[in-house]
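One structure is given below, encoded as structure tokens.
Bear in mind that the values here come from a model prediction, so they are computed numbers and not experimental data. When a ligand or atom number is given, it counts from 1 through the structure's own listing order.
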Amino acid sequence: MSSKYTVRWGILATGGIATTFTKDLLTNPAIRDVHDVQHVLAAAASSSSKSRAEAFIKDVSGPSTAKAYGSYHELVQDPDVDIIYVATPHSHHFQNTMLALEHGKNVLCEKAFTVNAEQAKKLVETARAKKLFLMEAVWTRCFPMSIKIREMVKEGVIGKVHRVTADLSFASAKDDGSLDFPDSHRMVNVDLAGGALLDLGIYSLTWVYQILYHCQEGKKERPKVQAAVQKYKTGADEMTSILLNWPGHQSQGIATTSLRVATTPDGEGSPAAGPAARIQGTKGEIQVFGPLYRPQQYRVIIVGGKKGQVEDVHCPIPTDKERPGNGSGGVGHGMFWEADEAARCLRDGKLESDILNWDESIVIMEAMDEVKKQGGLAYPELIETAVYDEKSPLNGGK
Ligand SMILES: NC(=O)C1=CN([C@@H]2O[C@H](COP(=O)(O)OP(=O)(O)OC[C@H]3O[C@@H](n4cnc5c(N)ncnc54)[C@H](OP(=O)(O)O)[C@@H]3O)[C@@H](O)[C@H]2O)C=CC1
Ligand SMILES: O=C1OC[C@@H](O)[C@H](O)[C@H]1O
């Protein structure tokens, strides 16, 4: 009999990231040297139809035992599901996660966690009251590379860290001044809580917070936030820069995001454009290369060091060559690490993860609220409300 702890997943929504996540879930954990937990695709649900959910299961090469549902309500009532992965647009996260929690399900919810901090607090209160696991799916935090960098910072390898700069930007501007996304697309549609801040800026903030907030000892200091926001014609933000000030720690963060210029104009994997994040300490610096949601290289520079004290570390994402679907390269995007973390928390009876705990998700949502306030960003009441409605149209209306 296997001594591995098995988690049975239910996938809520069948779009792009649901597909990528589920394919990762179905890889053999051994490819990433994980031997204590494993994952099963128990069910998937589409708000549009049962046949869409069936097509999804087929597309990810899921097991024949996986159930397909034509509504989110049916999924959250399935007794064979341990945890729900919420993969809808930002606008839907609060209502969908509440729906799952209210039906006694643990939840891993895509980023950005919610549309505002009040919603995030309500989710946390509900999970706490019902003794359920809840985590915002900021997958990058679970990368072995992120864990290693946090360890190095805590160990003082680069001395006291005073500044972190982080950028995640995509060049999607067209010659006529518009962006590459149709106005209805979730990236720019305010009805879906679109905009650079919630979609990409969350990663810039992640790199700032996982160093300057997460690595603080003792009672945590929250930063003062100042923002400059430019809006797209849809009302969503297209370019946002955030200054975060921690006077008590003599540290500052600069988090930027844009839909008009790219962090890595020469392609995802290339370090030629320079680091996407710089973690600057008194004894040295750690530089992170590649898009900040999925970086695969970092550099450690020690102040006054000889040439040999500049170390480049490559962290390729392992792939499973046995899984069908992604050509000869195999399957593996890096989302399996957050699934492993959720599984270990469930196994150990933990309601929140130490990698990204409830406090930190809320504190980051509060910073984003402040940015929204300063930039005059607002979303429709239907998606800003922190009142749960099982029959909300965001839950399928039934
Ligand atoms: N971690 C990461 O790297 C990434 C995370 N994301 C996050 O994942 C979430 C989803 O993004 P993504 O998968 O790219 O989005 P998609 O548009 O590809 O998929 C979203 C899915 O949500 C469901 N949905 C329900 N209501 C709506 C609605 N009104 N409009 C659109 N979709 C709806 C649909 O599934 P159905 O019809 O089956 O119900 C749809 O397929 C976002 O929160 C985003 O920030 C996105 C990309 C990468
Ligand atoms: O989380 C994300 O990371 C990758 C991006 O392409 C995507 O828009 C975003 O949602």
Considering both backbone and side-chain atoms of Ile17, is one of its nitrogen or oxygen atoms within less than 3.5 Å of a nitrogen or oxygen in ligand 1? yes
Got a salt bridge between Lys372 and Asp237, using NZ or NE/NH1/NH2 to carboxylate O under 4.0 Å? no
Quiz item: cation-pi between Lys220 and Tyr213, 6.0 Å / 45°: yes
In terms of atom number and element, which parts of ligand 1 are under 4.0 angstrom from non-hydrogen atoms of Pro89? 20 (C), 22 (O), 24 (N), 31 (C), 32 (N), 33 (C)
Thr14 neighbourhood, listing ligand 1 atoms whose heavy-atom distance to it stays under 4.0 Å: 35 (O), 36 (P), 38 (O), 41 (O)
Please check if atom NZ in Lys160 has more than 12 non-hydrogen atoms from other residues, nucleotides or ligands closer than 6.0 Å. yes
Quick one: does Trp139 get an N or O within less than 3.5 Å of an N or O on ligand 2? no
Is there a polar contact, in the sense of an N or O pair closer than 3.5 Å, between Gly16 and ligand 1? yes
Identify, by atom number and element, the atoms of ligand 1 in contact range of Ser47, meaning under 4.0 Å from any of its heavy atoms. 25 (C), 36 (P), 37 (O), 38 (O), 39 (O)
For Met335, is the nearest heavy atom under 4.0 Å from an atom of ligand 1? yes
Counting neighbours of NZ on Lys373 that are heavy atoms of other residues, nucleotides or ligands and sit closer than 6.0 Å, is the number greater than 12? no
Identify the closest protein heavy atom to atom 1 (N) of ligand 1: which residue and atom is it, and at what distance? Trp139 NE1, 3.2 Å
Would you call Tyr69 a ligand 1 contact, heavy-atom distance under 4.0 Å? no
Does the distance from a Lys or Arg side-chain N to an Asp or Glu carboxylate O, for Arg32 and Asp320, drop under 4.0 Å? no
Mind checking whether Tyr85 and Trp9 have parallel, tilted or perpendicular rings, split at 30° and 60°? perpendicular
Sidechain N-carboxylate O distance under 4.0 Å for Glu360, Arg141: yes
Do Glu311 and Arg299 meet the salt-bridge criterion of a basic N to acidic O distance under 4.0 Å? no
Report, in ascending order of atom number, the atoms of ligand 2 lying under 4.0 Å from any heavy atom of Phe170. 5 (C), 6 (O)
Atom 19 (O) of ligand 1 - nearest protein heavy atom and its distance: Gly15 CA, 3.3 Å
Considering only the protein, which heavy-atom contact is closest to atom 1 (O) of ligand 2, and what is its distance? Tyr203 OH, 2.6 Å
Can you tell me the protein heavy atom closest to atom 30 (N) of ligand 1 and the distance? Leu192 CD2, 3.8 Å
Would you call the rings of Phe181 and His185 parallel, tilted or perpendicular if under 30° counts as parallel and over 60° as perpendicular? tilted
Using a strict threshold of under 4.0 Å (side-chain N to carboxylate O), is an ion pair present between Arg260 and Glu238? yes
If you define the side chain from C-beta out and look only at heavy atoms, does anything of Val107 sit under 4.5 Å from Met135? no
Only heavy atoms of Glu110, strictly under 4.0 Å: list the atoms of ligand 1 that pass. 1 (N), 5 (C), 6 (N), 7 (C), 8 (O), 43 (O)
Pick, from His333, Arg186, His93, His90, the option with the minimum heavy-atom distance to atom 15 (O) of ligand 1. Arg186
Students should be able to answer this: which protein heavy-atom is nearest to atom 36 (P) of ligand 1, and at what distance? Ser46 OG, 3.4 Å
Within the 4.0 Å heavy-atom cut-off, what Glu110 brings close to ligand 2 is neither
If you measure from each non-hydrogen atom of Leu394 to ligand 1, which part falls under 4.0 Å: side chain, backbone, both or neither? neither
For ligand 1, note which part of Tyr72 has a heavy atom under 4.0 Å away: side chain, backbone, both or neither. side chain
Counting non-hydrogen protein atoms only, what is the nearest one to atom 9 (C) of ligand 1? Give residue, atom name and distance. Thr88 O, 3.2 Å
Note: Met187, heavy atoms under 4.0 Å from ligand 2, region reported as side chain
Report the part of His92 in contact with ligand 1, treating N, CA, C, O as backbone and CB onward as side chain, heavy atoms under 4.0 Å; options are side chain, backbone, both, neither. side chain
Interfacing atoms of ligand 2 (cut-off 4.0 Å, heavy-atom, Lys111): 1 (O), 2 (C), 9 (C), 10 (O)
Identify whether the distance between the nearest side-chain nitrogen and carboxylate oxygen of Asp191 and Arg186 falls below 4.0 Å. no
Just go through Tyr293, Phe113, Tyr203, Tyr85 and tell me whose heavy atom is the nearest to atom 2 (C) of ligand 1. Tyr203
Could you go through the ring pair (Phe, Tyr, Trp, His ring centres under 6.0 Å) check for Tyr203 and Trp207 one step at a time? CA-CA 6 Å; Tyr203 290 105; Trp207 279 94; 9.7 Å; no
Check whether any side-chain heavy atom of Asp78 sits under 4.5 Å from a side-chain heavy atom of Tyr69, and report yes or no. yes
Check Ala87 against ligand 1 and report side chain, backbone, both or neither, counting heavy atoms closer than 4.0 Å. backbone
